[in-house]
Amino acid sequence: MNDSAQTLPGHPSPGTWLALQMERRQISVRQIADAMEVTTQTVYGWQNDRAAINEARVPRLAEVLGVSELEARRGLGYWVPDETTPARPAKDTAELERIIDDLTTVLERFRRWRKEGVD
């Protein structure tokens, strides 16, 4: 099984979760296989936890099952954001820090200009 997908205590395994979703929605293994462009054997492997669903396939599987991507990620044991996750990715934070540095430089120049009358 994929190391990045993990079963949380008290939750069904990713394969069990998938099988339950398919049963609830009356979706067959063949339908999942066709929609995901994989073999039926691959889907059986997912259901039996012999193989993990590649994380890149989660959005499509969510669409096929009619669930949100977050619900699918959670059910399959992949990371999902929670309320403590920062809203901005790190690269946005770095960009904001650069802008603050630029504004600080402009403010310092303005103060010098006002004080000295020159740039």
Side-chain angles (χ1 to χ4, degrees):
M1 187 154 159
N2 187 337
D3 291 334
S4 62
Q6 299 177 5
T7 301
L8 298 173
H11 288 51
S13 72
T16 300
W17 179 86
L18 175 60
L20 288 170
Q21 299 307 310
M22 290 170 60
E23 183 179 325
R24 286 180 188 150
R25 289 159 180 79
Q26 298 181 336
I27 300 173
S28 70
V29 169
R30 167 57 57 203
Q31 289 171 308
I32 293 288
D34 289 347
M36 300 295 294
E37 299 180 351
V38 297
T39 65
T40 56
Q41 290 303 93
T42 297
V43 177
Y44 286 123
W46 293 343
Q47 288 182 314
N48 295 313
D49 293 310
R50 287 191 314 262
I53 297 171
N54 183 299
E55 192 169 4
R57 292 185 181 272
V58 174
R60 175 67 180 137
L61 181 62
E63 182 182 329
V64 171
L65 293 174
V67 300
S68 71
E69 187 174 342
L70 287 178
E71 184 179 348
R73 290 181 64 80
R74 189 176 292 112
L76 296 169
Y78 285 107
W79 176 87
V80 294
D82 61 20
E83 60 278 355
T84 63
T85 303
R88 294 185 174 275
K91 72 176 188 175
D92 286 347
T93 302
E95 177 68 11
L96 287 174
E97 288 173 357
R98 186 191 63 73
I99 291 169
I100 290 168
D101 288 344
D102 290 348
L103 289 172
T104 302
T105 301
V106 168
L107 181 59
E108 288 170 1
R109 287 181 179 172
F110 174 76
R111 287 180 177 156
R112 256 188 287 133
W113 175 80
R114 269 185 81 192
K115 183 177 178 183
E116 303 170 5
V118 290
D119 188 4

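- Without hydrogens or angle criteria, Asn48 side chain to Arg50 main chain gives no donor-acceptor distance under 3.5 Å.
- Not a single donor-acceptor pair under 3.5 Å links the side chain of Arg74 to the backbone N or O of Val80.
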ask   = Passes side chain to side chain contact (heavy atoms under 4.5 Å, CB included), Val29 versus Gln47? Steps please.
value = CA-CA 9 Å; Val29 169; Gln47 288 182 314; 3.7 Å; yes
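- Residues Leu65 and Arg24 have side chains not in contact (no heavy-atom distance under 4.5 Å, counting atoms from C-beta outward).
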task = Apply side chain to side chain contact (heavy atoms under 4.5 Å, CB included) to the pair Val67 and Arg25, showing each step before the final yes or no.
result = CA-CA 10 Å; Val67 300; Arg25 289 159 180 79; 3.0 Å; yes
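- Here CG of Leu61 is found 9.0 Å from CE of Met22. Values are rounded to the nearest 0.5 Å.
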request  = Show your reasoning for whether side chain to side chain contact (heavy atoms under 4.5 Å, CB included) applies to Met36 and Ile32.
outcome  = CA-CA 6 Å; Met36 300 295 294; Ile32 293 288; 3.9 Å; yes
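- For Arg111, the CZ atom counts as loosely surrounded, since its 6.0 Å shell holds 12 or fewer non-hydrogen atoms of other residues, nucleotides or ligands.
- Atoms CD1 and CG, on Ile27 and Asp34 in that order, are 12.0 Å from each other to the nearest 0.5 Å.
- Taken to the nearest 0.5 Å, the OG1 atom of Thr40 stands 13.0 Å off from the CD atom of Gln31.
- Between Val106 and Asp102 there is no side-chain heavy-atom pair separated by less than 4.5 Å.
- The nearest pair of heavy atoms linking Val58 to Ala72 is CG1-CB, 3.9 Å.
- Note that the CG atom of Leu96 and the CZ atom of Arg98 stand 9.5 Å from one another [nearest 0.5 Å].
- Contact between Trp17 and Pro12 at its shortest, heavy atoms only, is N-CB, 4.1 Å.
- No side-chain heavy atom of Asp101 sits less than 4.5 Å from a side-chain heavy atom of Thr105.
- Atom CG in Leu76 sits 10.5 Å away from atom CD in Glu69 (nearest 0.5 Å).
- Ion pairing between Glu63 and Arg60 holds under the 4.0 Å rule for side-chain N and carboxylate O.
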